[in-house]
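Inspection log for the structure reproduced underneath, given as structure tokens.
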Amino acid sequence: MTEGADRQTDFLKKFSSGPGRKQQMVSVIIPAYNERENIENTAKVIGNILKNYGTEYELLFVDDGSKDDTWDIISRLSENDGSVRGLKFSRNFGKEGAIFAGLRKCTGECAVVIDCDLQHPPELIPKMLELHRQGAEIVEAVKADRGKESLFYKLFAKTFYRIMERSSSVDLDRASDFKLMDRKVIDALNEMPERITFFRALSSWVGFRTEKIEFEVAPRNAGQSKWNFRKLVRFAVDNITSFTNFPMQLVTGMGVIFLIFALILGIQSLVRFFSGTAQEGFTTVYLIVLLAASMIMIGLGIIGYYMSKIYEEIKFRPRYIISVDTKDRKEQDTDNGSNV
Ligand code: UDP
Ligand code: MG
């Protein structure tokens, strides 16, 4: 760093941070899965914004087991740029795992989670930092609208969020993973013992002083969205079941309705039988047996799903496995250097 820049940092330390607050070092956590076209540009754009804002920062790329050369790019970048750090997963563990790995490894006094494709506008980061400086412990960026999504996707997302909201009282419809969190929040999240996580909901669940800012979802910078229908359904079911017992209650509810139905039908049949107008044939019987069987099966399926969740949690497997951390590599290099 030049002397001028040093002085500038000193100045900022003294005057722009609030009373009793240290100059904040910001960690930017960027999950990346097959994002070869985006890494360099994203690092440059976010780096420039933070440099201009005049804060210390680290860009923490988490390579979620990409199949292309994403890791090579991150690795090269981290060698040339001291503020870039990379974590490489041993395989694809999903974005949630990537975010939580980033939260555990980041060293900043606050951290911002942002997508690699710049769909979350990085120009908002200074505004988020400003709010943090004014005392906000979480700054959530909420979508002003949901961007360009197909009608089907919109409907799917709406239903999912409705169920989540009803049962966990967390408003998720416009929420995104684009968030700033204070060290306190990061530590609280790191203490969560569960394996199956839903970052968006958990980060609301922990509470803390939260500010919201709106943003417009930008179109993807390059490459393709990593979601497909199967992944999306899995994601929704996973999160609903790890946050609410609503589906289980639904089964009980259906059971009660069926019981009432069966009672009415039973009385009616008895009345008919005694009045001598009993129906011939078994149509009704078949129908009821079929319906009841399907209800039972759905119920068992849902219970089975929760049981499998318990099983997953009880295994205490890690949420992700890191195979390379560029920071360790650098430390190793310097170790070797000093030994020679
Ligand atoms: N991502 C990830 N692991 C995955 C899928 C996605 O780390 O298995 C990352 C991806 O690289 C991007 C972010 O999560 O930075 C959001 O993914 P994407 O843009 O595909 O989702 P969308 O914006 O369409 O919701
Ligand atoms: Mg995207």
Side-chain angles (χ1 to χ4, degrees), residues 27-46 59-74 77 84-106 111-122 124-125 141-158 160-161 172-179 196-201 203 215-236 238-239 318-324:
S27 299
V28 183
I29 298 166
I30 313 165
Y33 177 55
N34 296 345
E35 299 278 9
R36 59 188 300 261
E37 300 102 329
N38 286 321
I39 303 287
E40 263 170 284
N41 180 46
T42 303
K44 204 169 75 200
V45 172
I46 300 179
L59 301 182
L60 185 50
F61 282 98
V62 187
D63 175 16
D64 186 11
S66 298
K67 296 189 176 63
D68 59 8
D69 52 354
T70 299
W71 176 248
D72 299 328
I73 301 170
I74 296 175
L77 217 58
V84 174
R85 178 178 174 191
L87 299 175
K88 179 180 165 60
F89 278 4
S90 58
R91 65 169 168 87
N92 181 241
F93 279 93
K95 188 180 175 186
E96 292 286 311
I99 293 175
F100 278 92
L103 287 174
R104 187 157 297 271
K105 293 284 181 179
C106 71
V112 176
V113 176
I114 189 167
D115 276 5
C116 195
D117 53 9
L118 295 185
Q119 275 191 302
H120 298 154
L124 282 188
I125 297 177
V142 296
K143 298 170 191 157
D145 64 83
R146 296 192 50 90
K148 277 207 189 77
E149 285 165 348
S150 67
L151 184 74
F152 178 71
Y153 186 95
K154 258 192 189 134
L155 206 73
F156 185 85
K158 263 255 142 51
F160 165 57
Y161 291 131
L172 291 168
D173 189 20
R174 291 153 69 222
S176 71
D177 289 336
F178 188 19
K179 258 177 213 191
I196 308 162
T197 47
F198 183 35
F199 172 67
R200 228 172 279 184
S203 51
F215 75 97
E216 302 275 344
V217 182
R220 205 167 213 288
N221 188 43
Q224 286 201 330
S225 174
K226 309 296 179 296
W227 292 102
N228 55 34
F229 182 65
R230 212 179 48 122
K231 261 193 168 175
L232 217 60
V233 173
R234 231 204 128 66
F235 181 76
D238 261 351
N239 292 321
R319 319 183 238 233
Y320 52 82
I321 298 168
I322 296 174
S323 68
V324 192

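Counting starts at 1 for both ligands and their atoms, following the listed order. Just so it is clear, the model here is predicted, and its values are computed rather than measured.
With a heavy-atom cut-off of 4.0 Å, Asn92 touches ligand 1 through its side chain alone. At a 4.0 Å heavy-atom cut-off, ligand 1 touches Lys95 through backbone and side chain alike.
Remark: ligand 1 atoms within the under-4.0 Å shell around heavy atoms of Asp64 are 2 (C), 3 (N), 4 (C), 7 (O), 8 (O). Close approach to Cys116 involves these atoms of ligand 1, each under 4.0 Å from a residue heavy atom: 15 (O). Below 4.0 Å from some heavy atom of Asp117 lie the following atoms of ligand 1, by number and element: 19 (O), 23 (O). Each of the atoms 3 (N), 8 (O) of ligand 1 lies under 4.0 Å from some heavy atom of Gly94. Counting atoms of ligand 1 from 1 in the listed order, those under 4.0 Å from a heavy atom of Gln119 are 19 (O), 22 (P), 23 (O). Atoms of ligand 1 lying under 4.0 Å from any heavy atom of Asp115, numbered from 1 in the order shown and given with element: 13 (C), 15 (O), 16 (C), 23 (O). For ligand 1, the atoms closer than 4.0 angstrom to any heavy atom of Glu35 are 10 (C), 11 (O), 12 (C), 15 (O).
For the residue pair Asp117/Asn38, the side-chain donor-acceptor check at 3.5 Å is not satisfied.
Judged by distance alone, the side chain of Asn92 and the main-chain N or O of Asp64 form a donor-acceptor pair under 3.5 Å. Between the side chain of Ser66 and the backbone N or O of Asn34 there is at least one donor-acceptor pair closer than 3.5 Å. Checked by atom type and distance alone, the side chain of His120 never pairs as donor or acceptor with a backbone atom of Ile114 at under 3.5 Å.
The minimum heavy-atom distance linking Glu40 with Ile73 is given by the pair OE1-CG2, 3.8 Å.
In this structure, the side chains of Leu87 and Phe61 stay at 4.5 Å or more apart for every pair of heavy atoms. Contact annotation: the side chain of Ile321 approaches that of Phe93 to within less than 4.5 Å [non-hydrogen atoms, C-beta and beyond].
Salt-bridge formation is detected for the pair Asp177/Lys95: a Lys NZ or Arg NE/NH1/NH2 atom is positioned less than 4.0 Å from an Asp or Glu carboxylate oxygen.
Between Phe178 and Phe215, the gap from one ring centroid to the other is short of 6.0 Å.
Each of Ile39, Val112, Ile46 was compared with Ile30 under the side chain to side chain contact (heavy atoms under 4.5 Å, CB included) criterion, and only Ile46 meets it.
Listed by chain and number, the protein atoms of type N/O/S under 2.8 Å from the Mg ion (ligand 2) are Asp117 OD2, Gln119 OE1; waters are omitted.
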